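So the structure is just underneath, and the comments pick up after that.
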Amino acid sequence: QVQLVESGGGLVQAGGSLRLSCAASGRPFSRDVMGWFRQAPGKEREFVAAVKSFGATYYADSVKGRFTISRDNAKNTVYLQMNSLKPEDTAVYYCASALGDFYGSMYYRTAVNYAYWGQGTQVTVSS
């Protein structure tokens with residue numbers, strides 16, 4: 001059974017930092033693209049960041065320079081370091097895994113192209 005379990009969310013003041021973790025189990029993820037998405041109340045789920053199997057990363061423009069995605073394949077874990085947080089970063093953050101790593105970056109910016117999802121972790125940034 002494939003599982004993605006996020007942790008590390010919480011309440012933080014604007015300008016602060018949080019580190020999200022996503023522990024994957026049930027299949028080998030080292031060859032999969034891993035991504036983070038977020039969804040704020042009343043809004044659609046949006047792409048945040050993704051990391052390819054060999055480590056290349058890409059980000060939404062809204063988080064570029066503030067967030068860093070990384071992976072530890074030995075631990076089957078992906079991380080999202082979030083710095084200089086803003087109130088508009090408030091959302092439920094979801095970890096996702098695609099099947100393999102065969103396409104370009106635009107493909108992995110789309111939620112429908114991911115096969116597995118975690119349950120989400122709430123991030124709230126107060127002003």
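Note that the structure is a prediction, hence the values are computed from the model and not measured. Numbering starts at 1 and runs along the sequence shown.
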Inset, instruction - Look at the side-chain heavy atoms of Ile, Leu, Val, Met, Phe, Trp and Tyr, link any pair under 4.5 Å apart, and say whether L99 and Y103 land in one connected group. - result: no
Inset, instruction - Output yes when a side-chain donor or acceptor of R71 lies under 3.5 Å from a complementary backbone atom of F29, and no otherwise. - result: yes
Legend entry - Side-chain (R66) to main-chain (S84) donor-acceptor, under 3.5 angstrom: yes
Legend entry - Euclidean distance, S70 OG relative to M34 CE, rounded to 0.5 Å: 11.5 Å
Inset, instruction - Taking the side chain as every heavy atom from C-beta outward, state whether R45 and Y94 have any atom pair closer than 4.5 Å. - result: yes
Inset, instruction - Verify the cluster assignment for W117 and Y108: are they in a single hydrophobic cluster under the rule of side-chain heavy atoms below 4.5 Å apart? - result: yes
Legend entry - Modelled atom types, side-chain donor and acceptor of N83 and S17, under 3.5 Å: yes
Inset, instruction - For S53 and D101, test the side chains for any donor-to-acceptor distance below 3.5 angstrom and give the result as yes or no. - result: yes
Inset, instruction - May I ask you to decide if the ring planes of F37 and Y114 are parallel, tilted or perpendicular, using 30° and 60° as cut-offs? - result: perpendicular
Inset, instruction - Provide the closest heavy-atom pair for G104 versus Y58 in the form atom of the first, atom of the second, distance. - result: O-OH, 4.5 Å
Legend entry - For the student: nearest non-hydrogen atoms of M106 and T110, plus distance: O-OG1, 3.7 Å
Legend entry - Side-chain donor or acceptor of T77 paired with backbone N/O of K75 under 3.5 Å: yes
Inset, instruction - Flag the pair D61 and K64 as a salt bridge only when some basic side-chain nitrogen lies within less than 4.0 angstrom of an acidic carboxylate oxygen. - result: yes
Legend entry - Closest non-hydrogen atom pair between D32 and S97, with its separation: OD2-OG, 3.4 Å
Inset, instruction - Spell out, as yes or no, whether a donor-acceptor pair under 3.5 Å connects the side chain of Q122 to the backbone of G9. - result: no
Inset, instruction - Locate the shortest heavy-atom distance separating N76 from R27; write the atom from each residue and the value. - result: ND2-O, 3.7 Å
Inset, instruction - List the steps, then state whether side-chain contact (heavy atoms from CB on, under 4.5 Å) holds for F102 with V33. - result: CA-CA 9 Å; F102 305 111; V33 173; over 6 Å; no
Inset, instruction - Compare all side-chain heavy atoms of V48 with those of L80 and state whether any distance is below 4.5 angstrom. - result: yes
Legend entry - Side chain proximity check, V78 to C95, heavy atoms < 4.5 angstrom: yes
Legend entry - Nearest-0.5 Å distance, OG1 of residue T124 to CD of residue Q13: 13.0 Å
Inset, instruction - Look up atom CZ in R31 and atom NZ in K52, then write down how far apart they are to the nearest 0.5 Å. - result: 14.5 Å
Inset, instruction - Could you grab the distance from atom OG of S7 to atom OH of Y93, nearest 0.5 Å is fine? - result: 15.0 Å
Legend entry - Considering all heavy atoms, the nearest N113-A98 contact: O-CB, 3.8 Å
Inset, instruction - Measure the shortest side-chain to side-chain distance between E46 and R38 over non-hydrogen atoms and say whether it is less than 4.5 angstrom. - result: yes
Inset, instruction - State, yes or no, whether a side-chain contact exists between Q3 and Y116 at a heavy-atom distance under 4.5 Å. - result: no
Legend entry - Q119 side, atom CD; L4 side, atom CG - distance, nearest 0.5 Å: 9.0 Å
Inset, instruction - For the pair T90 (side chain) and V125 (backbone), establish whether a donor and an acceptor sit closer than 3.5 Å, ignoring hydrogens and angles. - result: yes
Legend entry - side-chain contact (heavy atoms from CB on, under 4.5 Å) partners of T57, counting only residues at least two apart: V51, Y59, I69
Legend entry - L20/E6 under side-chain contact (heavy atoms from CB on, under 4.5 Å): CA gap, chis, key distance, verdict: CA-CA 7 Å; L20 305 184; E6 302 99 334; over 6 Å; no
Inset, instruction - Taking the side chain as every heavy atom from C-beta outward, state whether D89 and F67 have any pair of such atoms under 4.5 Å apart. - result: yes
